[in-house]
2 protein chains.
Amino acid sequence: MTDEEPRQEEGEGRFLADYDPHAFAPAAVTVDVVALTIRSGDPHVLLTRRAAHPQRGWWALPGGFVRAQDGPDGPADPDLPDAALRVLSEKTLLPTELHLEQLGTYGARGRDPRMRVFSVAYMLLAPGLPDPRTGRDTEEAAWVPWRELGHGDGAHASRELAFDHGRVLTDAVERARSKLEYTALATAFLPPAFTITALREVYQAVWGQPLHAANFHRKILATPGFVEDTGELAERGGAGGGRRARLYRAGGAALLHPPLLRSTQSATRGTPR
Amino acid sequence: MTDEEPRQEEGEGRFLADYDPHAFAPAAVTVDVVALTIRSGDPHVLLTRRAAHPQRGWWALPGGFVRAQDGPDGPADPDLPDAALRVLSEKTLLPTELHLEQLGTYGARGRDPRMRVFSVAYMLLAPGLPDPRTGRDTEEAAWVPWRELGHGDGAHASRELAFDHGRVLTDAVERARSKLEYTALATAFLPPAFTITALREVYQAVWGQPLHAANFHRKILATPGFVEDTGELAERGGAGGGRRARLYRAGGAALLHPPLLRSTQSATRGTPR
DNA sequence: CCTAGTTATTCTCAGAATGAGTTTCTCTCT
DNA sequence: AGAGAGAAACTCATTCTGAGAATAACTAGG
């Protein structure tokens with residue numbers, strides 16, 4: 001139920017005047033954000049240690065209550081993405097370029113002992129985010145590599161998350177992996193200008209598998225709208241020399257046709273490595 | 001914020017006892033369902049005419065408030081999918097086989113004039129659903145073909161929906177179209193046993209474009225885990241005779257490797273026919 | 001029974017895309 | 001200048017596609 005273009009109809013005005021919102025049973029809406037970035041070749045996720053009850057002391061995704069109305073804590077969040085960014089901005093500096101996408105909403109009864117809570121999960125991708133603001137409200141925050149959370153390839157999490165955040169993270173990882181195949185999402189992990197090699201490293205980091213450099217290069221350039229040549233060259237050709245790479249920017253296409261599939265091997269993915 | 005396995009920690013018990021859920025500003029959570037089925041070769045969506053304010057008299061997606069707690073209206077919905085099915089079961093008979101999937105949550109301020117409303121949208125796919133229960137509470141309900149709502153191919157909606165339901169429907173259609181490429185979702189529109197031709201007709205109906213029958217056949221059988229041969233044959237070969245088609249059932253695979261892409265034409269989709 | 005019409009399934013074949021290597025270009029460093 | 005490194009281009013056998021033709025299995029009507 002929504003209202004993009006409120007229309008008055010006879011009777012609707014009086015109906016609204018009589019309406020008591022408090023007649024409803026209390027329910028709260030929260031946002032939780034899976035913020036992903038790639039640091040030195042490995043995907044990392046932002047986690048915070050909970051300072052408040054419940055589940056105090058546990059590591060969790062950054063999150064918080066959506067401000068439904070203006071109140072003592074501050075003005076209402078105009079929309080859900082605003083709430084996600086607000087919550088996240090308390091933990092880390094937000095970049096100018098970012099990709100924010102809704103993952104899903106979780107609302108099983110009993111998820112939170114206080115009251116019925118509906119939690120909207122978001123995934124944020126951004127290039128090279130800095131270290132989190134820590135120490136604030138004694139809440140610790142840190143970038144944690146996927147592999148430490150059981151998303152490297154093996155399936156064992158060495159660190160358990162609070163609430164059902166482990167599940168949310170798993171969904172986010174799978175979403176990111178599969179969206180890399182069919183969309184130009186990978187560029188969200190990179191600065192405005194990047195090399196094909198940098199783009200390949202994003203794919204390798206997220207998919208956790210090596211890619212054939214030459215074929216990747218060919219495929220990227222053959223996919224219309226994925227990248228555009230800037231005409232510039234990268235500053236240096238790496239540590240030990242080497243040809244300077246051409247710089248590209250993200251093309252207009254959001255969807256890749258044809259897609260960039262993970263090797264057919266991964267379909268038969270039983271024991272990778 | 002969620003709680004899959006509630007853990008008591010010192011201090012947490014007293015904290016919960018002191019907690020007043022009503023201290024929060026009121027917000028409501030609703031579910032809206034995009035129920036899709038294919039009737040005589042065309043995709044249809046279930047719509048209802050709103051009997052209550054706001055937007056009384058407009059056509060809208062079936063939806064309603066999630067029951068957060070047990071109350072006079074009935075017991076609480078254990079989870080969001082339960083709420084979606086409950087809301088839908090008031091409009092139509094639910095089949096035993098169905099696919100229910102969350103689309104997303106919409107929560108912009110001002111969507112509903114009564115209060116802050118967060119609406120979780122679901123998409124339901126099912127084979128040959130019957131005519132809706134109509135007349136109940138004077139609420140009208142009907143299966144409406146996509147094309148009448150501007151999703152045939154042209155971009156003009158001949159019927160405007162209430163709230164932002166037009167947007168939700170657009171998202172659902174796009175989701176269904178693209179999931180047909182990468183997943184075995186198409187079988188959700190079909191009964192347990194079906195022919196390759198029936199499967200192709202689902203693709204054609206949803207994508208709105210004809211497919212080469214022979215190549216489709218080859219591709220389906222070459223995609224591991226998509227369909228399994230039942231060994232049976234279809235009853236009759238159609239009206240004017242013809243070879244009896246082999247019957248298949250859905251295979252175990254959820255994801256298709258390799259995917260079944262819409263023709264490369266559709267990438268350059270400017271004026272499809 | 002025989003034949004035309006219909007639908008399902010299989011074949012053929014040329015063009016495009018893919019996986020694995022190899023080669024050529026440009027840099028840096030010594 | 002020469003070696004080493006990294007980017008980009010080229011080669012080639014294999015596989016995948018799009019289009020169309022051929023074959024199989026039925027129905028309905030003489």
Side-chain angles (χ1 to χ4, degrees), chain A residues 41 181-182 190 193-204 207 209-224 226-248 256-268, chain B residues 41 181-182 190 193-204 207 209-224 226-248 256-269 272:
Chain A
E181 297 190 313
Y182 313 117
L190 296 171
F194 51 85
T195 65
I196 300 288
T197 298
L199 186 62
R200 178 166 49 82
E201 283 166 350
V202 168
Y203 275 91
Q204 293 180 155
W207 285 352
Q209 66 182 209
L211 298 173
H212 185 117
N215 291 342
F216 182 84
H217 203 283
R218 175 181 61 187
K219 184 78 197 255
I220 296 304
L221 296 184
T223 304
F226 195 175
V227 297
E228 291 173 0
D229 197 337
T230 63
E232 316 256 303
L233 293 181
E235 276 309 296
R236 309 187 95 244
R243 184 174 174 173
R244 289 167 66 196
R246 202 177 278 266
L247 284 174
Y248 295 84
L256 303 184
H257 269 271
L260 246 162
L261 301 175
R262 283 177 268 191
S263 78
T264 340
Q265 295 289 57
S266 67
T268 328
Chain B
E181 296 190 312
Y182 313 116
L190 296 171
F194 51 85
T195 65
I196 300 288
T197 298
L199 186 62
R200 178 166 49 81
E201 283 165 350
V202 168
Y203 276 90
Q204 292 180 156
W207 287 350
Q209 66 182 207
L211 297 173
H212 184 117
N215 291 341
F216 182 84
H217 204 283
R218 174 181 62 186
K219 184 79 198 255
I220 296 303
L221 297 185
T223 304
F226 194 175
V227 297
E228 292 174 0
D229 196 337
T230 62
E232 316 256 303
L233 294 180
E235 276 309 295
R236 308 189 97 245
R243 183 173 176 174
R244 289 167 64 195
R246 201 178 280 265
L247 284 174
Y248 295 84
L256 303 184
H257 270 270
L260 245 161
L261 300 175
R262 282 177 267 192
S263 77
T264 340
Q265 295 290 55
S266 68
T268 328
R269 188 177 0 167

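Only this structure's heavy atoms are used, side chains among them; waters, hydrogens and symmetry mates stay out. Letters go in sequence order (proteins before strands), and every chain restarts at 1.
In this structure, B:L199 places its CG atom 13 Å from P of C:dA8, rounding to the nearest Å. The CG atom of B:L261 sits 12 Å away from the P atom of C:dA17 (whole-angstrom rounding). When rounded to the nearest whole Å, the span between CD of A:E235 and P of C:dC27 equals 12 Å. Per the geometry, CZ belonging to A:R244 stands 13 Å off P belonging to C:dC29, to the nearest Å. Rounding to whole angstrom units, CG of residue B:L233 and P of D:dT27 are separated by 11 Å. Distance, A:H212 NE2 to D:dA8 C1': 12 Å, rounded to whole Å. What separates CG of B:L211 from C1' of D:dT17 is a distance of 13 Å, to the nearest Å. Whole-Å rounding puts the B:L260 CG to D:dG18 C1' distance at 14 Å.
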If you look only at distance, which donor and acceptor atoms sit under 3.5 Å apart when one is on a side chain in residues 212-221 of chain A and the other is two or more places apart or in another chain?
from, atom 1, to, atom 2, distance (Å)
A:N215, OD1, A:R218, NH2, 3.3
A:K219, NZ, A:P259, O, 2.8

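B:T197 comes within 4.0 angstrom of sugar-phosphate atoms only, judged by non-hydrogen atoms across all strands, and of no base.
Contacts between residues 213-224 of chain A and DNA chain C, defined by a heavy-atom separation under 4.0 Å, are made by A:A214, A:N215, A:R218, A:K219.
Shortest non-hydrogen contact noted between B:L261 and B:W207 is C-CH2, 4.0 Å. Of all the heavy atoms in A:H257 and B:R262, the pair that sits closest is CE1-O, 4.5 Å. In terms of heavy-atom proximity, B:R244 sits nearest to B:L233 at NH2-CB, 3.9 Å. The two residues B:T195 and B:A245 make their nearest non-hydrogen contact at CG2-CB, 3.6 Å.
Of all nucleotides listed (C:dT9, D:dT17, C:dA8), C:dT9 comes nearest to the side chain of B:I196.
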Name the pairs: protein N/O against N/O of nucleotides 22-24 of chain D, kept only if under 3.5 Å.
from, atom 1, to, atom 2, distance (Å)
D:dA24, O4', B:R243, NH1, 3.4

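Shown here are the salt bridge (Lys or Arg N to Asp or Glu O under 4.0 Å) partners of A:R246, two or more places apart in sequence or in another chain: A:D229. The side-chain contact (heavy atoms from CB on, under 4.5 Å) check on A:E232 picks up A:T230, A:L247, with sequence neighbours excluded. Residues satisfying the ring-ring contact (aromatic ring centres under 6.0 Å, His included) criterion with A:Y182, sequence neighbours excluded, are B:Y182.
Using modelled atom types, no side-chain atom of A:E201 and backbone atom of A:G41 make a donor-acceptor pair closer than 3.5 Å.
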